[in-house]
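Here the structure comes first, spelled out in C-alpha cells, and everything after it is commentary.
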Amino acid sequence: MFRVFVSGREAQVDEGATAAQVLKGSKAVAARVDGRLVDLATALAPDSKIEPVGFDSEDGRDIYWHSASHLMAQAVKQLFPDAKVAIGPAIPEGFYYDFEVKTPFTEDDLRAIEKRMRLLSKKRISVEHKWLPRDEALRLFKDRGEDYKLEIIEGIPEKRISVYEQGDFVDLCRGPHVPDTGRIKAVKLLSVAGAYWHGDEKNRMLSRIYGIAFPDAEQLERYIENLEEAKRRDHRKLGPELDLFSFHEEAGPGLMFWHPKGATVRRMIQHYWEAEHLKAGYQLVVSPHIARSGLWHTSGHYDHFRESMYTIPTGEEEEYVLKPMNCPGHMLIYRSRVHSYRELPLRMGEWGVVYRNERSGTLHGAMRVRGITQDDAHIFCTENQVESEVQGVVELTLRMLRTFGFERFSVDLSVRDPDNTEKYMGNDEQWQVAEKALVAVLERLKLPYKRAEGEAVFYGPKIDIKLLDALGREWQCPTCQFDFNLGDRFDLLYVGEDGRHHRVYLVHRTVLGGIERFMGILVEHYGGNFPTWLAPVQARVMAVTDSQNEYAHRVFELFREGDVRVEIDSRNDKIGYKISEAERLKIPYMLVVGGREVEKQTVSLRKHREGDLGVLPIDKALKRIQEDGAVPVPR
RNA sequence: GCCCAUGUAGCUCAGUCGGUAGAGCACUUCCUUGGUAAGGAAGAGGUCGUCGGUUCGAUUCCGACCGUGGGCUCCA
C-alpha cells in the first residue's frame, strides 16, 4: 500500500494500482499524472498526483478524437487491406486519417467504414500500449507493408518506439489513448479529401477522411445541428439572398460584383474606416491600378511574387503589371520629395484594389478572391518609432474589431522558417530586432499569441489576426508587417536632426484585410443581421391597405430626407406578408402605417427579430432610427 | 495547380433504365382591402454548365473543358 493524490485528495492504493482503478466511476478517457497525460492503464508510483481527463476538456477531446482516428484506421484496414496508413491526428473539431489507396474513397465507402467502426466499438477491443525496440518496430511495420510508418520511425531518434495495439491493428503512436474501442460511441465520417504526404505538393496525394466522434449520440446530433445552423449563416448563401454581391462565370472566378446593397454596407465600413484613420493621423492617397513592369522589378515583386501577378503586354511599350500590392505606388509617393524627420511617422493609407492570380483551387466565395480591395497603409518612420507605430496599429485594429463586435480571434506572430532563411530578405540581426519589437507590443497589450514559424512574408515578420467564419475556420484579416525590403530597394530616406540622410523603417499593415473577405466574415458574424449603422436598408415603410399608400409615401420621403436608408412597400399584399418579407430580408426597422396612424400622424414601429415597439410620432421614430443608425465616430 | 464531389427555371429541388422536362417559392396580371412572420387564381419563365464523341435520336451514356463545394498546397 502507498498513498497517491486523486484530484487533490489523498488515497491509499495497492502496489501496481493503475490510474483507471483510482479514477473508477469518473468519465475519464485518460489521466494526468504529475502533470503528464497518460493512459488509464498506467501503473501509479507512490505520491503521484492523479487527475481525470475527460471529454469535457480540450486534452480529453484530443485524446478521444485521436483514438477515434485509430478506430477508423482499423476499420479501413479491415475493409481495404491494401490501404497504407499515413498519419491520423486529432484536429480542433474531430480527426482525420490519411491513407494511400489505389482508388480514393467514395461517400459510400465512408458509410461502410462508419458501420465497421460501430461494430468494432461494440466489441470493446482493448487498446494497449507497448514499447518496442527500434529494430522490432521497423520489422513490424515492414511486415505489414506500412511504408509511411517506416518513414516516420526513421525520423524518430529514440531507441524504443511507442506503439498502440487494438486487436488486429497496430499503430505507431505516442498516445495516450482511451482504454478500449467501446469508448468511441457516436461517430460520423464527414468528408473525403486529397492531401499531400507531409503537406508537400511534390509528394504523392493521399486520401484523407475527416470525421467527428462523441461519447453519446445526443452530442453528435447537436454537432450536426450546429453545422446546419452554420450553413444558414454562410455568406455564399446569405450574400445572394440579401442581394449583397454575386460572382459570374462569364466574368471569371474570384471576381466579386458588389450589388447596391452590398456596396452600401461597404461604403458604411469605409466611412467608419476613414474616420478612424484620419483620427489616428493617417493621410489618404490614391494610386493607379497598373504600372510598368520595371517598377515591379525594383520592388522585388517580379522575382518573389511573379506567379500571382497579371501582366499586360502593350505591344510597343514595355509590359505593364496589374498591381498585386499597393506598396510600390506608396513608395513612389514618398520618394517624390525629400522628407524631414519632423514629418515622421508618416502614415499613408489607401483602399487599394489589387489583383492576384490565385490558384484556382484556392478560391472560396468572398473569402478568397482574385480582385482584392485592401485597406492598406504604409508607415514610414525612424528606427525608434517602429515599436510605438506597431503598437498603434494593433490598438487601432483591436478598437475597430470591437466596433464590429468581434470577440473571438487568434493572433499569430509569423516569423521565418528557420530551416530556409535564404528565401527571405534582410539579415539575421534585422529579423531578431523586428521580432523583438513585435513581441514587446504583443506582451505590452497582453495579447495571447502563437509563434508561427515559416508564416512570415519574404520581406519581414508580422503580426496576423485571424477571424473565424461560421464554421470556425480561420481567415487572416488584419496584419501588421515589418518590411526590410522596400526601404532599400526604393532607397527611401529622411533627413535627420543631424542633417544627414537616414533610411526609413517601413511598416505595412491592413486592419480589415481584404474588404471582400471582411464582408464575407462580417455577413457570417452577424448571420446577415447587420446592425442598423451597416444595414443596407435601415427601414421599410409599409401600408396596411392601399388607402394609406399616400401617407406611407410621405413618411418614406421624410425618412429619406432625414438620411435614413429607407424603402417603401406599397404592393397590394396583406401586412402580415409584407412584415414576413421584411423580416426575411433582415431589415432593422419596419414602419407600419394604417388608418389609425394616418389619423394621428404617427407610425407603428417594429424591430427586426424583436417585434412590435408600439406607435410613435413620425419625428420620434425618425430620431430613434437616425441615432441607432449613425456611423460610429471615434472618440 | 492537385484529389474527391457536384452543375436541371432567379432560388430550393424532382425527373427521364436514351424519344428535347416538372413542383414549391420568387416574378407579372387579376381577384381580395386584409393591423404585426406567407389570402386566392391565372400567366410567363429552361439550348437540363460548355464543347465534342457514340447513336436514327443525348438533358440522360462516354470524354474534355468551365464553374461551384470539401480538402491539400498557397495566401488578405
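All values derive from a computational prediction rather than experimental measurement. Values below: every heavy atom of this structure, side chains too, minus hydrogens, waters and symmetry copies. To find a chain, count down the sequence lines: A is the first, B the second, and so on, and within it residues start at 1.
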Under the rule for side chain to side chain donor-acceptor pair (under 3.5 Å), what residues qualify as partners of A/E276, not counting sequence neighbours?
A/Y272, A/R399
Of the options A/R356, A/H289, A/M309, which is the one that meets A/L322 in a side chain to side chain contact (heavy atoms under 4.5 Å, CB included)?
A/H289
With the side chain defined as heavy atoms from C-beta on, A/T362 is closest, among B/G1, B/A76, B/C4, to B/G1
Quick one: are A/D109 and A/T106 in side-chain contact, heavy atoms under 4.5 Å?
yes
Strictly below 4.0 Å, heavy-atom distances to any atom of RNA chain B: list the hits from residues 457-479 of chain A, or just say none.
A/V457, A/K462, A/R473, A/Q476, A/C477
List the atom pairs, with distances to 0.1 Å, where a side-chain N or O of residues 255-264 of chain A and a protein N or O form a donor-acceptor pair under 3.5 Å, not counting sequence neighbours.
from	atom 1	to	atom 2	distance (Å)
A/H259	ND1	A/D243	OD1	2.7
A/H259	NE2	A/S246	OG	2.6
A/T264	OG1	A/P260	O	2.8

May I ask you to verify whether the side chain of A/Y196 and the base of B/G1 hold a donor-acceptor pair under 3.5 Å?
yes
Using nucleotides 10-13 of chain B, report all nitrogen or oxygen pairs with the protein that are shorter than 3.5 Å.
none

With A/S414, which residues qualify under side chain to side chain donor-acceptor pair (under 3.5 Å), at least two apart?
A/D464
To the nearest angstrom, the CG-C1' distance between A/L363 and B/C72 comes to 15 Å
Would you say the rings of A/W296 and A/F305 are close, in the sense that their centroids are separated by under 6.0 Å?
no
Could you check whether the rings of A/F484 and A/W431 sit parallel, tilted or perpendicular, using 30° and 60° as the cut-offs?
perpendicular
Measuring only the P atom in each nucleotide, how far is B/G52 from B/C31? A whole number of Å is fine.
50 Å
Determine whether any donor atom in the side chain of A/R359 lies under 3.5 Å from an acceptor atom in the base of B/U73, or the reverse, and answer yes or no.
yes
Which heavy atom in A/D469 sits nearest to a heavy atom in A/I521, and how many Å separate them?
N-CD1, 4.3 Å
What's A/R368 touching, base or sugar-phosphate or nothing? Going by heavy atoms closer than 4.0 Å.
base
Could you check whether any side-chain heavy atom of A/L398 comes within less than 4.5 Å of a side-chain heavy atom of A/F409, counting everything from C-beta outward?
yes
Relative to the ring of A/F99, is the ring of A/F105 parallel (under 30°), tilted (30 to 60°) or perpendicular (over 60°)?
perpendicular
Distance between the P atoms of B/G35 and B/U47, in whole angstroms?
43 Å
In this structure, how many angstroms lie between the C1' atom of B/C72 and the NE2 atom of A/H364, rounded?
15 Å
Interatomic distance, A/M309 CE vs B/C74 C1' [rounded to whole Å]:
16 Å
In whole angstrom, give me the gap between the P atoms of B/C66 and B/A23.
36 Å
Rounded to whole Å, please give me the gap between CZ in A/R236 and P in B/G67.
16 Å
A/D98 CG to B/C2 P, straight-line distance once rounded to whole Å
19 Å
Return the value, rounded to whole Å, for the distance between atom CD of A/E250 and atom P of B/G7.
20 Å
Same-atom distance (C1') from B/G7 to B/G15, integer angstrom
16 Å
Taking the side chain as every heavy atom from C-beta outward, state whether A/V564 and A/Y589 have any pair of such atoms under 4.5 Å apart.
no
Could you check whether A/G361 gets within reach of a base, just the sugar-phosphate, or nothing at all, counting any heavy atom under 4.0 Å?
base
Rounded to whole angstroms, how far apart are NE2 on A/H248 and P on B/U68?
12 Å
Could you check whether any side-chain N or O of A/W65 sits under 3.5 Å from a backbone N or O of A/I212, counting only pairs where one atom can act as donor and the other as acceptor?
no
Just grab all the ring pair (Phe, Tyr, Trp, His ring centres under 6.0 Å) pairs involving residues 227-247 of chain A, residues at least two apart or on different chains.
none
Under 4.0 angstrom, heavy atoms only, what part of the nucleic acid is A/M367 near: base, sugar-phosphate, or nothing?
base
Euclidean distance for P, B/C72 against B/G40 (whole angstrom):
48 Å
Please state the C1' separation for the pair B/U73 and B/C3 - nearest whole angstrom.
12 Å
Nucleic acid contacts of residues 506-522 of chain A, taken as heavy-atom distances under 4.0 Å to RNA chain B
A/G513, A/G514, A/R517
Using Watson-Crick pairs (N1 to N3, plus N6-O4 or O6-N4) and G-U wobble pairs, both distances under 3.5 Å, which stems of at least 3 pairs involve RNA chain B?
B:1-7 with B:66-72, B:10-13 with B:22-25, B:27-31 with B:39-43, B:49-53 with B:61-65
For RNA chain B, determine which residues of residues 200-211 of chain A have any heavy atom closer than 4.0 angstrom to one of its atoms, and list them numerically.
A/E201, A/M205, A/R208, A/Y210
One character per nucleotide, please: for nucleotides 34-49 of chain B, 5' to 3', B when the base has a protein heavy atom closer than 4.0 Å, S when only the sugar-phosphate does, - otherwise.
BBBBBS----------
Spatial distance of atom CE (A/M400) from atom CG (A/D375) [nearest 0.5 Å]
7.0 Å
So, taking the atom named OG1 in A/T421 and the one named CZ in A/R416, what distance separates them when rounded to the nearest 0.5 Å?
5.5 Å
Can you tell me if A/K578 uses its side chain to pair, donor with acceptor, with the backbone of A/D569 under 3.5 Å?
yes
Determine the interatomic distance between P on B/G46 and the same-named atom on B/C61; round to the nearest Å.
24 Å
Taking B/G49 as the reference, what is the distance to B/C13 when you measure between their P atoms (whole Å, please)?
15 Å
With sequence neighbours excluded, tell me which residues meet salt bridge (charged side-chain N to carboxylate O under 4.0 Å, His left out) with A/E581.
A/R540, A/R571, A/R584
Using a heavy-atom cut-off of 4.0 Å across all strands, would you classify A/V354 as base, sugar-phosphate, or nothing?
nothing
Criterion side chain to side chain contact (heavy atoms under 4.5 Å, CB included) against A/I463, the qualifying member of A/D412, A/T479, A/V394:
A/V394
Mind calculating the distance between CH2 (A/W197) and P (B/U73) to the nearest angstrom?
13 Å
Do A/H198 and A/E151 make a side-chain contact, defined as non-hydrogen atoms from C-beta onward lying under 4.5 Å apart?
yes
Can you list everything that forms a side chain to side chain donor-acceptor pair (under 3.5 Å) with A/R116? Sequence neighbours excluded, please.
A/Q78
Which is it for A/E100 and A/Y148 under the side chain to side chain donor-acceptor pair (under 3.5 Å) test, yes or no, and what are the steps along the way?
CA-CA 9 Å; A/E100 185 197 304; A/Y148 294 95; 2.5 Å; yes
